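Shown next, in structure tokens, is the structure this report addresses.
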There are 2 protein chains.
Amino acid sequence: MGITERKEREKEIRRESIIDAAQKVFFEKGLFAATMDEIAEAAELSKGTLYLYYRSKEDLYLTVMMRGLEILRVQMERTVRRNEPAVQRMLDLTEMYTRFFDDHRNYFRMFHFFNTPQFHKQVSDDVMRTCDRNNRSLWELMIGVIRSGMDEGTVRTDLDPMEVALIMWSSATTLLMRIDNQYDLFRAKLNIDLHNTLRMSNLMLLESALTDAGREELHAAVHH
Amino acid sequence: MGITERKEREKEIRRESIIDAAQKVFFEKGLFAATMDEIAEAAELSKGTLYLYYRSKEDLYLTVMMRGLEILRVQMERTVRRNEPAVQRMLDLTEMYTRFFDDHRNYFRMFHFFNTPQFHKQVSDDVMRTCDRNNRSLWELMIGVIRSGMDEGTVRTDLDPMEVALIMWSSATTLLMRIDNQYDLFRAKLNIDLHNTLRMSNLMLLESALTDAGREELHAAVHH
DNA sequence: GCAATGAATGACTGTAAGTCAGCAACGGAC
DNA sequence: GTCCGTTGCTGACTTACAGTCATTCATTGC
């Protein structure tokens with residue numbers, strides 16, 4: 001029965017090509033300005049067909065977003081796996097996130113959708129779960145590094161690793177979002193370089209999460 | 001000519017009553033689920049009339065939001081004006097924000113709109129400017145406290161006051177938003193109390209922005 | 001060939017933001 | 001009191017878009 005298998009493959013290819021088209025349109029216009037008719041046009045399919053493969057516009061959007069999440073996960077994994085002290089790897093993670101922001105701005109922008117649960121209504125449970133799972137694995141990676149820092153004696157053990165990850169990641173995300181939207185405005189009107197603000201914020205939070213030994217390592221690493 | 005004056009007054013009253021109606025509907029349903037027909041119904045006016053007073057749904061939304069911004073400004077002003085050391089007032093500000101979140105959750109939710117510039121397209125320049133101005137005055141208040149901390153020798157002078165304000169305010173806002181959306185989820189699945197995470201984050205950032213003298217004051221104030 | 005299966009279509013429905021031609025009520029002139 | 005101009009209000013209409021479904025078309029197995 002090679003035929004059903006071929007059909008399966010073709011279906012999968014179609015699913016992907018729809019996502020390619022959706023990505024193109026979402027990158028250009030964002031979730032709200034993009035229309036299903038445009039995506040259908042870009043995919044060279046009729047609108048009805050899109051709905052045979054995806055349940056809603058939001059499902060399509062999240063599926064595109066997950067490509068970005070996957071890229072981020074891979075880069076994070078690479079950073080975390082390095083054979084370095086935890087403090088160095090935490091620093092590397094902050095740098096990695098900024099680099100991801102620079103290299104994959106369009107995907108980064110899509111992440112914002114996730115922080116706005118009002119829009120989650122149209123999302124099918126299935127897609128939502130996949131998203132959550134991917135998201136979770138990012139947290140696990142960060143928590144792992146923080147834990148190893150605690151073992152090394154460079155990270156305070158009176159803190160919850162998840163809390164530390166949450167605080168640092170949230171802070172960085174918010175500032176990156178601001179860089180995306182308002183970098184020029186802050187530079188012109190307030191003479192603030194938000195990239196510097198971000199580095200500052202990362203260092204401040206990192207410092208307060210470290211032990212004295214950790215802080216020494218940090219300063220050595222930053223000055224090197 | 002008392003008549004034109006009376007008419008002005010009546011117009012102003014109508015403007016306000018439209019905002020009352022809009023507030024009711026937006027609080028219940030949020031920006032997207034709320035419809036102009038519902039707001040018209042609640043205001044006991046026709047939809048067309050709403051557009052005589054406000055240019056778009058988003059204008060209405062932001063005008064409601066500014067009521068919240070004004071409440072926040074007043075409370076912040078009260079906190080800032082107190083005759084206390086800067087460190088204490090910075091602590092008070094973080095507490096004040098959490099209290100605002102508890103007491104005026106609906107307004108707080110509306111602030112999220114501001115962080116999502118994709119929606120700003122329908123907003124008239126006029127309303128946007130008013131919003132910006134109000135927003136700006138919040139920053140001024142925070143910056144004032146940080147500056148006075150620098151004068152007192154409790155806040156590091158190598159930092160930019162605006163940057164410190166930005167970092168602390170953004171961090172608190174993000175975590176409060178998460179508390180709003182995912183408090184129960186974090187509690188159940190990860191055994192994290194996000195209120196505690198928020199306190200932690202506030203303390204960590206505050207600590208790293210203070211001088212040694214400032215940190216002593218902080219610890220005295222926290223243990224009081 | 002020919003029926004059966006299923007993939008793809010696009011006209012259609014429903015909904016909601018925003019518009020505008022017309023109506024009504026009020027005030028001032030005489 | 002009557003008329004007319006001005007102002008405020010209306011709701012049916014236009015437009016736009018997400019999502020649906022009866023129909024068409026192509027492929028496969030007999």
Side-chain angles (χ1 to χ4, degrees), chain A residues 1-19 21-22 25-26 28-64 113 118-124 126-127, chain B residues 1-19 21-22 25-26 28-64 113 118-124 126-127:
Chain A
M1 277 294 115
I3 283 164
T4 44
E5 282 157 16
R6 194 201 70 214
K7 289 216 168 168
E8 276 308 307
R9 260 199 326 274
E10 280 172 357
K11 234 172 165 172
E12 204 40 56
I13 285 168
R14 178 127 300 178
R15 271 184 80 84
E16 280 301 307
S17 79
I18 289 172
I19 292 299
V25 178
F26 283 135
E28 260 170 43
K29 312 219 168 177
L31 173 59
F32 297 98
T35 72
M36 291 301 270
D37 285 301
E38 280 176 297
I39 295 172
E41 171 98 46
E44 293 173 307
L45 287 169
S46 74
K47 185 157 60 151
T49 307
L50 301 188
Y51 285 95
L52 295 176
Y53 289 85
Y54 295 93
R55 241 197 252 219
S56 67
K57 191 182 170 183
E58 281 74 15
D59 265 25
L60 260 178
Y61 189 82
L62 280 192
T63 309
V64 173
F113 179 87
Q118 300 173 278
F119 312 142
H120 292 184
K121 278 162 201 155
Q122 302 293 351
V123 178
S124 67
D126 187 37
V127 171
Chain B
M1 275 299 114
I3 284 166
T4 45
E5 282 156 16
R6 194 202 71 214
K7 289 215 166 166
E8 275 307 306
R9 263 200 323 277
E10 280 172 358
K11 232 172 166 174
E12 204 41 54
I13 285 167
R14 178 129 298 177
R15 272 185 79 84
E16 281 300 307
S17 80
I18 288 173
I19 293 298
V25 178
F26 283 135
E28 261 170 43
K29 312 220 168 174
L31 174 58
F32 297 98
T35 73
M36 290 302 270
D37 285 302
E38 280 176 296
I39 294 172
E41 171 98 47
E44 293 174 307
L45 287 169
S46 75
K47 186 159 58 150
T49 307
L50 301 188
Y51 285 94
L52 295 176
Y53 288 85
Y54 296 92
R55 240 198 253 219
S56 67
K57 190 182 173 185
E58 281 74 15
D59 265 26
L60 260 177
Y61 190 82
L62 280 193
T63 309
V64 174
F113 178 86
Q118 301 174 277
F119 312 142
H120 291 186
K121 278 163 202 154
Q122 303 293 353
V123 178
S124 67
D126 187 38
V127 171

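Quick note on labels: first sequence line is chain A, next is B, and so on, each numbered from 1. Computed from a predicted structure; not experimentally measured.
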Generate the contact string for nucleotides 4-15 of chain C. Rules: B means base contact, S means sugar-phosphate contact only, - means no protein heavy atom under 4.0 Å. ---SBBB-----
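- Residue-level contact check: B:Ala34 touches the backbone only, with heavy atoms under 4.0 Å from sugar-phosphate atoms and none from bases.
- With rounding to whole Å, A:Tyr61 atom OH is found 17 Å from D:dA18 atom C1'.
- Counting to the nearest Å, the P atom of D:dT10 and the CD atom of B:Glu41 are 12 Å from each other.
- Judged by distance alone, with hydrogens and angles left aside, the side-chain atoms of A:Thr63 form a donor-acceptor pair with the main-chain N or O of A:Asp59 at under 3.5 Å.
- Evaluation of the salt bridge (charged side-chain N to carboxylate O under 4.0 Å, His left out) rule for A:Glu38 yields A:Lys29 as partners, not counting sequence neighbours.
- Protein atom CG of B:Asp37 is 14 Å distant from nucleotide atom C1' of D:dT14, rounded to whole Å.
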Can you give the dot-bracket line for DNA chain C, where a pair is Watson-Crick or G-U wobble with both atom distances under 3.5 Å, crossing pairs use [ ], and | marks a partner on another strand? ||||||||||||||||||||||||||||||
Stepwise side-chain contact (heavy atoms from CB on, under 4.5 Å) test for B:Thr35 and B:Lys57: CA-CA 8 Å; B:Thr35 73; B:Lys57 190 182 173 185; 5.8 Å; no
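- For residues 36-64 of chain A, the ring-ring contact (aromatic ring centres under 6.0 Å, His included) pairs, not counting sequence neighbours, are A:Phe26-A:Tyr61, A:Tyr61-A:Phe113.
- Straight-line distance from the CG atom of B:Leu31 to the C1' atom of C:dA16: 13 Å, rounded to whole Å.
- Residues satisfying the salt bridge (charged side-chain N to carboxylate O under 4.0 Å, His left out) criterion with B:Lys11, sequence neighbours excluded, are absent altogether.
- The distance from atom CZ of A:Phe32 to atom C1' of C:dA17 is 15 Å, rounded to the nearest whole Å.
- Residues in residues 43-55 of chain A take part in these salt bridge (Lys or Arg N to Asp or Glu O under 4.0 Å) pairs, two or more places apart or across chains: A:Asp37-A:Lys47.
- With sequence neighbours excluded, the residues satisfying salt bridge (charged side-chain N to carboxylate O under 4.0 Å, His left out) with A:Glu16 are A:Arg67.
- B:Glu10 meets the salt bridge (charged side-chain N to carboxylate O under 4.0 Å, His left out) test with B:Arg6; sequence neighbours excluded.
- In this structure, the side-chain contact (heavy atoms from CB on, under 4.5 Å) partners of A:Gln122, at least two apart in sequence or on a different chain, are A:Ser56, A:Glu58.
- When the P atom of C:dA25 is taken as reference, atom CD of B:Glu10 falls 15 Å away, rounded to whole Å.
- Between the OH atom of A:Tyr51 and the C1' atom of D:dA18 there is a distance of 5 Å, rounded to whole Å.
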